[in-house]
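In each ligand, atom 1 is the first atom listed, and ligand 1 is the first ligand listed. One-based numbering along the sequence shown.
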Amino acid sequence: MNTYISSVINGVKQKYAHQPEFCQTVEEVLSSLEPVVERHPEYEKVDLLGRMVEPERMFTFRVVWEDDNGNWHTNTGYRCQFNGAIGPYKGGIRFQKNVNPSIMKFLGFEQTFKNSLTGLPIGGGKGGSDFDPTGRSDSEIMRFCQSFMQALYRYIGPDTDVPAGDMGVGGREIGYLFGEYRRLKGKFENGVLTGKGFSYGGSLIRPEATGYGAVYYLENVLKDDGQDIKGKTIACAGFGNVTWGICRKAVELGAKVVTLSGPDGYVYDPAGVCTPEKIDFLVAMRASGRNKVKDYADKFGVEFHEGEKPWGVKVDICMPSAMQNDVHLEEAKKIAANNVRYYIEVANMPTTNEALRFLMEQPDMIVAPSKAVNAGGVATSALEMSQNSERLVWTAEEVDNQLHNIMNTIYKNSVDAAMRNDLGYNLVAGANIAGFERVADAMMQQGVF
Ligand code: 2IT
């Protein structure tokens with residue numbers, strides 16, 4: 001391996017040994033960049049990689065809120081403004097009890113490359129809190145969001161940093177966050193957040209965009225492999241917004257999602273999550289705040305496997321769409337043993353580096369990385385920002401067409417980047433390189449800081 005790359009990776013591993021997810025993404029991304037870094041010895045002189053792995057700014061803040069029984073709670077809020085070289089920081093907010101600096105930094109780092117890959121002017125950021133929304137009432141969620149925004153509003157803005165949703169933060173939370181921002185600023189700056197409701201500046205298709213984009217990307221993979229999506233079975237994980245979008249688009253194109261998962265286990269529905277009733281139920285299940293996928297099995301009378309993951313089910317396509325490090329080597333081996341040909345990551349970093357390496361070594365398997373596959377979500381957020389700054393509303397068709405074009409371009413640019421660098425058909429390295437090149441170029445032109 002190139003000595004500059006390995007010295008940066010080792011430096012991060014030593015300095016941030018207590019941040020395993022962050023070390024993992026740095027190792028995965030940087031180790032793909034060998035041919036580019038070899039061609040650009042000037043990068044080492046200005047320590048381009050060393051600067052890229054250090055967030056431009058990251059801060060925590062106190063979030064205090066009152067529960068329905070009159071008791072007060074204190075959580076930690078975070079915003080990681082990782083890289084602003086190509087546009088205002090952009091990335092979601094996650095409310096989940098395991099949120100910590102390592103998770104914020106891994107997500108911010110991934111976001112930087114993903115956002116670059118979209119071709120749109122958005123830098124990388126991420127935020128969140130270790131607040132656990134499970135079982136919290138609507139009033140509690142509102143008070144938490146208001147308190148969170150009271151601390152954050154000074155540091156964000158339509159040209160500064162534009163948060164959005166992520167796990168635990170959907171349309172409802174974005175509404176409460178936006179309301180508090182508007183109240184504090186005394187201004188209607190709807191470009192400050194994306195994923196808003198349609199009535200106050202949200203974009204049509206944004207809720208569906210991550211899932212739709214993932215399926216558009218998948219279609220590109222299948223087409224290049226001489227296959228049709230019609231009739232294919234898909235294993236998904238999670239049951240949130242992203243999985244919902246995949247189910248909807250898959251049905252429309254004649255494929256079906258047969259598994260869903262949650263913290264309690266997974267469900268297997270061989271008929272597919274296909275009918276409007278089943279697909280709508282995902283939304284209701286998520287909105288209930290119970291966080292249990294067993295509710296689906298109870299409602300539709302299908303198999304529920306308690307405490308298990310869906311990766312042993314025989315399908316044509318695996319789309320891990322739940323969370324980071326869902327697929328370890330053990331699950332990867334089951335996927336390979338089932339002769340799954342398409343492993344399409346959807347959640348951010350759903351595969352451990354060891355499992356990813358194993359899957360990429362399988363001669364008959366095609367692996368696509370999440371930072372390309374799920375980029376339709378943030379790309380559509382950028383389209384929402386465009387509409388907000390133009391004070392216009394685009395039709396669903398216009399947004400969907402743009403999303404479709406962006407996903408086709410992301411796929412093509414990833415393939416081309418790998419080919420140009422003599423790496424063959426390598427979607428993982430191609431996405432890393434294509435995302436890197438644009439940020440690197442912008443940083444080189446803006447001087448050293
Ligand atoms: O991981 C992601 O790309 C997101 N959570 C969406 C970010 C955004 O700004 O829409």
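Only one option out of Q81, E56, K126 pairs with Y89 in a side-chain hydrogen bond (donor to acceptor under 3.5 Å, both in side chains); it is E56.
From the protein, the heavy atom lying nearest to atom 6 (C) of ligand 1 is R206 NH2, 3.6 Å. Looking from atom 2 (C) of ligand 1 to the surrounding protein, the closest heavy atom is K114 NZ, 3.2 Å. Scanning all protein heavy atoms for the shortest distance to atom 9 (O) of ligand 1 gives K90 NZ, 2.7 Å.
Contact analysis puts G165 in contact with ligand 1, with a non-hydrogen atom separation below 4.0 angstrom. Not a single heavy atom of R94 sits less than 4.0 Å from an atom of ligand 1. Residue-ligand proximity: K126 is placed with a non-hydrogen atom under 4.0 Å from ligand 1.
Contact atoms of ligand 1 toward G92: 7 (C) (distance under 4.0 Å to a heavy atom of the residue). Heavy-atom contacts of A164 reach the following atoms of ligand 1: 8 (C), 9 (O), 10 (O) (cutoff under 4.0 Å). In the vicinity of D166, heavy-atom distances shorter than 4.0 Å reach the ligand 1 atoms 1 (O), 4 (C), 5 (N). Heavy-atom proximity to Q111, at under 4.0 Å, picks out these atoms of ligand 1: 1 (O), 2 (C), 3 (O), 7 (C).
The heavy atom nearest to atom 10 (O) of ligand 1, considering only S370, S381, G124, is found in S381.
The cationic group of K105 does not satisfy the cation-pi geometry with F82, failing either the under 6.0 Å distance to the six-membered ring centre or the 45° limit from the ring axis.
Contacts of N348 with ligand 1, taken as heavy-atom pairs under 4.0 Å, involve the side chain alone.
For CG of D138, the number of neighbouring non-hydrogen atoms (other residues, nucleotides, ligands) closer than 6.0 Å is greater than 12.
Using modelled atom types and a 3.5 Å distance limit, the side chains of K412 and N220 yield no donor-acceptor pair. Looking at Y343 and Q362, their side chains never bring a donor and an acceptor atom within 3.5 Å of each other.
The aromatic rings of Y153 and Y181 stand perpendicular to each other, their planes meeting at an angle above 60°, with 30° marking the opposite boundary. F188 and F178 have perpendicular rings, their planes meeting at more than 60° on a 0 to 90° scale where under 30° would count as parallel.
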Report task. Check the pair E28 / N432 against side chain to side chain donor-acceptor pair (under 3.5 Å), numbers first and verdict last. Result -> CA-CA 9 Å; E28 193 274 311; N432 285 334; 3.1 Å; yes
